[in-house]
Amino acid sequence: MLKTRLEEILGECMEAAYEAGDAILEIYNTGFTVEEKKDHTPVTEADLKANEIILNRLKPKYSEAAFLAEESADDLSRLEKEWCFVIDPLDGTKEFIKHSDEFTVNIALVKSKRPVLGVVYIPALKEIYYAVKGKGAFRKTAEGSPEKIRVSSRTEDIRAAVSKSNSPPNIREILKGYGIDNIIFAGSALKGCLIASGRAEIYYRGGLTSEWDTAAMQCIVEEAGGILRQLDDTEMLYNRENTLNTKGFYILNSEKNKINLKEGIDI
């Protein structure tokens, strides 16, 4: 049973993320072309190569699980499975294209629609975040040993993590209306990891994202003591027929920092 093998699966997911990250960096450093998908989002050969590497490593080992990956055709038979890997082989493709270094490899394992394992790897920084439900969240850099991470206890002068590529031009003015002056711009799932490791307190996203953008990050945030919910305050579930996160979401270090986002505002 997969439940009794979560530590082993975590190790495999981390190795898959490292291997995919190496392939991404090789392409990142040697040049690449950019194409547009049907949903008008960009894709590069790095997205596709990383997707292939992760699936080739995990699928043969965990055939009893379903797989939902951004760059693979969806198979709705996954809905019949209790366990499902949710994979974004290159989260933050726009940051990859801009050479900002803030792109990630996201791998999650979901049980009964809830994330129980999450890995977020930042190849350019050689930094990895990971968690297993009930075991806490951890961060490891290239130089150091794994360290347990925890959200901050800050409820004053809070820091907002904001998307580098998707926030509106007047984001500072918007947040100032909520009494927030301290803004940290970041790409990809790194924003959630900033909150999980105590370096930011809130992140609000009103626009569309997908399951693979949030699943791994959610496990890490929650195991670090944080909160991830949809904007209507309901629980975010996974391995759904519609893979779009249509309601938006927020991440908090504490309920005390929740803001009532005005309808129609996308931050």
Side-chain angles (χ1 to χ4, degrees), residues 88 91-92 94-95 100 102-104 106 108 113-115 118 120 122 129 131 133 136-137 139 149-238 240 242-267:
D88 191 340
D91 182 29
K94 291 179 182 177
E95 302 306 325
S100 79
E102 293 185 352
F103 48 88
T104 62
N106 303 344
K113 299 192 179 301
R114 292 166 177 83
V120 173
I122 312 166
Y129 294 81
K133 188 172 177 59
R139 173 192 179 206
I149 56 175
R150 188 78 187 168
V151 296
S152 82
S153 58
R154 200 159 162 172
T155 56
E156 294 181 0
D157 190 27
I158 61 173
R159 298 160 291 184
V162 171
S163 172
K164 275 189 171 180
S165 297
N166 297 302
S167 59
N170 63 333
I171 184 62
R172 291 189 182 276
E173 180 183 340
I174 291 171
L175 289 175
K176 196 171 184 64
Y178 294 96
I180 300 168
D181 294 309
N182 202 335
I183 297 176
I184 302 170
F185 288 93
S188 66
L190 178 57
K191 294 181 287 294
C193 294
L194 288 174
I195 295 174
S197 56
R199 292 177 286 166
E201 284 69 48
I202 72 167
Y203 169 42
Y204 275 73
R205 180 67 188 270
L208 291 177
T209 56
S210 297
E211 291 193 31
W212 42 76
D213 295 308
T214 55
M217 179 173 67
Q218 179 168 349
C219 186
I220 293 165
V221 166
E222 291 179 344
E223 283 301 305
I227 300 160
L228 188 152
R229 295 197 193 108
Q230 299 185 103
L231 287 181
D232 65 357
D233 298 324
T234 57
E235 184 179 9
M236 181 79 82
L237 300 176
Y238 296 90
R240 310 179 307 258
N242 179 8
T243 59
L244 287 176
N245 298 331
T246 58
K247 295 182 179 181
F249 65 91
Y250 60 79
I251 302 176
L252 306 173
N253 70 319
S254 167
E255 288 275 10
K256 294 178 181 178
N257 291 328
K258 186 175 183 294
I259 62 176
N260 293 315
L261 194 65
K262 297 180 181 66
E263 187 174 354
I265 292 178
D266 180 11
I267 64 170

To the nearest 0.5 Å, what is the distance between CZ (Arg154) and CG (Asn257)? 10.0 Å
Looking only at the side chains, is there a donor atom on one of Tyr250 and Asp233 sitting less than 3.5 Å from an acceptor on the other? yes
Which residue, Lys191, Met217, Glu222, Gln218, forms the side-chain contact (heavy atoms from CB on, under 4.5 Å) with Ile251? Met217
For Thr243 and Glu211, indicate whether the former's side chain and the latter's backbone hold a donor-acceptor pair under 3.5 Å. no
Does NZ in Lys176 sit with more than 12 non-hydrogen atoms of other residues, nucleotides or ligands closer than 6.0 Å? no
Distance check, rounded to the nearest 0.5 Å: Phe249 atom CZ versus Gln230 atom CD? 10.5 Å
Looking at Asn253 and Ser152, would you say the former's side chain and the latter's main chain have a donor-acceptor pair under 3.5 Å? yes
Distance from Ile227 atom CD1 to Ile202 atom CD1, nearest 0.5 Å? 12.0 Å
Tell me whether Ser210 contacts the main-chain N or O of Trp212 through its side chain, where contact means a donor paired with an acceptor under 3.5 Å. no
Closest non-hydrogen atom pair, Arg205 against Leu231: O-CD1, 3.8 Å
Distance-only, no hydrogens or angles: does the Asp91 side chain make a donor-acceptor pair with backbone N or O of Asn106 under 3.5 Å? no
Does atom NZ of Lys133 have more than 12 heavy-atom neighbours, drawn from other residues, nucleotides or ligands, at distances under 6.0 Å? no
Looking only at side chains, do Arg240 and Asn245 share a donor and an acceptor under 3.5 Å apart? yes
Check Glu255 with Arg229, please: is the shortest side-chain N to carboxylate O separation under 4.0 Å? yes
Compute whether any side-chain donor of one residue and acceptor of the other, for Ser165 and Glu95, lie under 3.5 angstrom apart. yes
Can you establish whether the number of heavy atoms outside Glu235 located under 6.0 Å from its atom CD is more than 12? yes
More than 12 foreign heavy atoms under 6.0 Å from NZ of Lys256: is that the case here? no
Can Lys258 and Tyr204 be said to form a side chain to side chain contact (heavy atoms under 4.5 Å, CB included), step by step? CA-CA 10 Å; Lys258 186 175 183 294; Tyr204 275 73; 3.5 Å; yes
Using 0.5 Å steps for rounding, measure from the CD1 atom of Ile149 to the OH atom of Tyr129. 6.5 Å
Atom SG in Cys219, atom CZ in Arg114: separation rounded to 0.5 Å? 13.0 Å
